[in-house]
Visitor: 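Let me give you the structure first, and then I'll get to my questions.
Reminder, nothing fancy here: chain letters follow the sequence lines and each chain counts from 1.
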Protein chains: 2
Amino acid sequence: MKISNKVINRLSLYHFILDELGEEEKYISSFKIAELLAVDNSQVRKDIRSLGNCGKCRVGYDVKKLKDAIETTLGFKQTRNAFIVGAGNLGSALAKYDSFANYGLNIVAMFDSDKSKIGSYINGKPVFGLERFLELKNKFDADIAILTVPKKAAQQVTDVLVEAKIKYIWNFTPHILKAPDDVKIWNENLIGSFLQFTNNDEKN
Amino acid sequence: MKISNKVINRLSLYHFILDELGEEEKYISSFKIAELLAVDNSQVRKDIRSLGNCGKCRVGYDVKKLKDAIETTLGFKQTRNAFIVGAGNLGSALAKYDSFANYGLNIVAMFDSDKSKIGSYINGKPVFGLERFLELKNKFDADIAILTVPKKAAQQVTDVLVEAKIKYIWNFTPHILKAPDDVKIWNENLIGSFLQFTNNDEKN
DNA sequence: TAGATTGTTAATCGATTAACAATC
DNA sequence: TAGATTGTTAATCGATTAACAATC
């Protein structure tokens, strides 16, 4: 069954909470989760229901089982290989963000146009020149590109990624990318987040 | 009139598009914007309508006026001062992201617990020890904290921010923060983004 | 049992899409 | 005028909230 983006996002937040519960807490209620995230408790139950059979009347949800169900449903275990394209500050920050691996995102290499960076390693990930993208895309079995190049290079680099038949582009640049319909683009719009955050009382 | 988060987010994307149109393009149609973002064209018109009176039948929207209307409505011009708390890779990346200033987000200083960083400057922003947070919050007129500390320090640092009566916390850590209701928290959930992105065909 | 909590339905609310008259 | 595009209404769709019976 299809799970909507909003539900996926909330399930990932529930997982953060479960992740930090001590061993001694065996059960957690929808009321407790709802309170921590300031959402409606029946929404929490409904979200969890989409994972299948998890809860126990009167006691709540088994923390370990619930965590496991979220991990299975959201695919934390099936790892996906990804490239970071743009080894600047943001690209390096993401390369050093080891939590990604726990959620199934495995960063295998990085690309940059700066010759002084090519051949170096950032948190163990090798940095290559972009001209080798096609070759290395085939070698590493990666279909995700995390785009962290400067705004003005964004489209040109995207063309290279598209040419190499990358399937997913996670776009951290404030540039609207042009790409064929079969390439899935996710705009990580930090500016938009900031504006929502400070202009509005809704939560994310 | 209140504008919903989804509309704010799309308006910021429209702004990116307008920002990159050459001087020669005086007008743009809702159909063109819709095509670039793969959204519905009547949604674009409705979103723009929430800005007030902008369009011209037959010719489309005046690019300059539309840009200006988005900037006014979303408050790009009223700058807000912010601190980055955590001068690691991600904090430094955000400190170097000069585009923020164009959208009204002015980063005035950074905080870290690492003594070797305290006293240094990152992209011109001074780095202070966290024990000076309260003092400097009053000095700089800042009510936003961008939280980029390691996950395990997140709650402890949040307590300091709350104590100093910060109003907005932009949380980049994968930790659910506990804070009083009058502190507004925005979770920038990168893990959640990744999961939505790769599990689902909806767009963001 | 009494009480707490889930699962689920129905009601409400808001967002998206489709359609088309009005406009220039 | 003819044609393109906005503005706006109505229809549809989906998400949230409220309520409560079922359960242990």
Side-chain angles (χ1 to χ4, degrees), chain A residues 1-14 17-18 21 25-66 69-70 73 192 196 199-204, chain B residues 1-14 17-18 21 25-66 69-70 73 192 196 199-204:
Chain A
M1 189 200 35
K2 212 167 140 302
I3 300 184
S4 79
N5 274 344
K6 291 205 147 182
V7 176
I8 292 175
N9 191 56
R10 284 194 301 264
L11 286 171
S12 72
L13 297 175
Y14 304 164
I17 291 172
L18 300 173
L21 288 176
E25 307 203 55
K26 194 158 160 45
Y27 293 98
I28 189 168
S29 72
S30 57
F31 295 86
K32 179 87 184 295
I33 293 176
E35 195 205 333
L36 286 167
L37 292 168
V39 300
D40 189 85
N41 62 69
S42 66
Q43 182 168 72
V44 173
R45 290 197 294 283
K46 211 167 216 181
D47 289 346
I48 290 176
R49 206 74 249 292
S50 65
L51 300 171
N53 226 345
C54 286
K56 275 192 191 158
C57 272
R58 218 185 78 80
V59 292
Y61 299 95
D62 181 312
V63 171
K64 216 161 159 310
K65 275 193 198 144
L66 179 53
I70 294 175
T73 305
Q196 289 170 66
N199 271 287
N200 209 313
D201 278 332
E202 287 172 58
K203 53 194 325 95
N204 64 332
Chain B
M1 190 200 34
K2 211 168 142 299
I3 300 184
S4 79
N5 275 344
K6 291 205 146 182
V7 176
I8 291 175
N9 191 56
R10 283 194 301 265
L11 286 171
S12 73
L13 297 176
Y14 304 165
I17 291 173
L18 300 172
L21 287 176
E25 307 201 56
K26 196 158 159 44
Y27 294 98
I28 189 168
S29 73
S30 58
F31 295 86
K32 179 86 185 294
I33 293 175
E35 193 205 335
L36 285 167
L37 292 168
V39 299
D40 189 86
N41 61 69
S42 66
Q43 183 169 69
V44 173
R45 290 197 294 281
K46 211 167 218 182
D47 290 345
I48 290 175
R49 206 73 250 290
S50 66
L51 301 170
N53 225 344
C54 286
K56 276 192 189 156
C57 273
R58 218 187 76 81
V59 292
Y61 298 94
D62 181 310
V63 172
K64 215 158 161 307
K65 276 192 197 145
L66 179 53
I70 294 175
T73 305
Q196 289 170 67
N199 271 287
N200 208 314
D201 278 334
E202 289 172 55
K203 52 195 323 97
N204 64 334

Visitor: Please report the distance, rounded to the nearest Å, between NZ in Lys6(A) and C1' in dT17(D).
Guide: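 Taking atom C1' of dT17(D) as the reference, NZ of Lys6(A) is at 14 Å.
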Visitor: By the salt bridge (Lys or Arg N to Asp or Glu O under 4.0 Å) test, which pairs, at least two apart or in different chains, include something from residues 25-40 of chain A?
Guide: Lys26(A)-Asp62(A)
Visitor: Mind calculating the distance between NZ (Lys32(B)) and C1' (dA4(D)) to the nearest angstrom?
Guide: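 So the two atoms are 16 Å apart, to the nearest Å.
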Visitor: Considering only side-chain heavy atoms of Gln43(B), which listed nucleotide, dA18(D), dT16(C), dT16(D), is closest?
Guide: dT16(C)
Visitor: I want to check something: taking the side chain as every heavy atom from C-beta on, are Leu51(B) and Leu66(B) in contact at a cut-off of under 4.5 Å?
Guide: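 They are in contact (side-chain heavy atoms under 4.5 Å apart), so the answer is yes.
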Visitor: Taking the side chain as every heavy atom from C-beta outward, state whether Glu202(A) and Lys2(B) have any pair of such atoms under 4.5 Å apart.
Guide: yes
Visitor: How close or far is atom P of dA4(C) from atom CD of Glu35(A), stated in whole angstroms?
Guide: 16 Å
Visitor: Taking N or O atoms only and anything under 3.5 Å, show me the protein contacts with nucleotides 5-8 of chain C, one pair per line.
Guide:
residue: dT5(C); atom: O4'; partner: Arg58(A); partner atom: N; Å: 3.4
residue: dT6(C); atom: OP1; partner: Ser30(A); partner atom: N; Å: 2.8
residue: dT6(C); atom: OP2; partner: Ser30(A); partner atom: OG; Å: 2.5
residue: dG7(C); atom: OP1; partner: Gly55(A); partner atom: N; Å: 3.3
residue: dG7(C); atom: OP2; partner: Tyr61(A); partner atom: OH; Å: 3.0
residue: dG7(C); atom: N7; partner: Arg45(A); partner atom: NE; Å: 2.9
residue: dG7(C); atom: O6; partner: Arg45(A); partner atom: NE; Å: 3.4
residue: dG7(C); atom: O6; partner: Arg45(A); partner atom: NH2; Å: 2.8
residue: dT8(C); atom: OP2; partner: Arg49(A); partner atom: NH1; Å: 2.5

Visitor: Can you tell if the side chain of Val44(B) reaches within under 4.5 Å of the side chain of Leu37(B), non-hydrogen atoms only?
Guide: no
Visitor: With the side chain counted from C-beta on, respond yes when Ile48(B) and Ser30(B) share a heavy-atom pair under 4.5 Å apart, and no when they do not.
Guide: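 Sidechains of Ser30(B) and Ile48(B): no contact.
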Visitor: Does any part of the side chain of Phe31(B), heavy atoms only, come nearer than 4.5 Å to the side chain of Arg45(B), both counted from C-beta?
Guide: yes
Visitor: What is the pairing partner of dA22(D), taking Watson-Crick or G-U wobble pairs with both distances under 3.5 Å in any strand?
Guide: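 WC or wobble partner is dT5(C).
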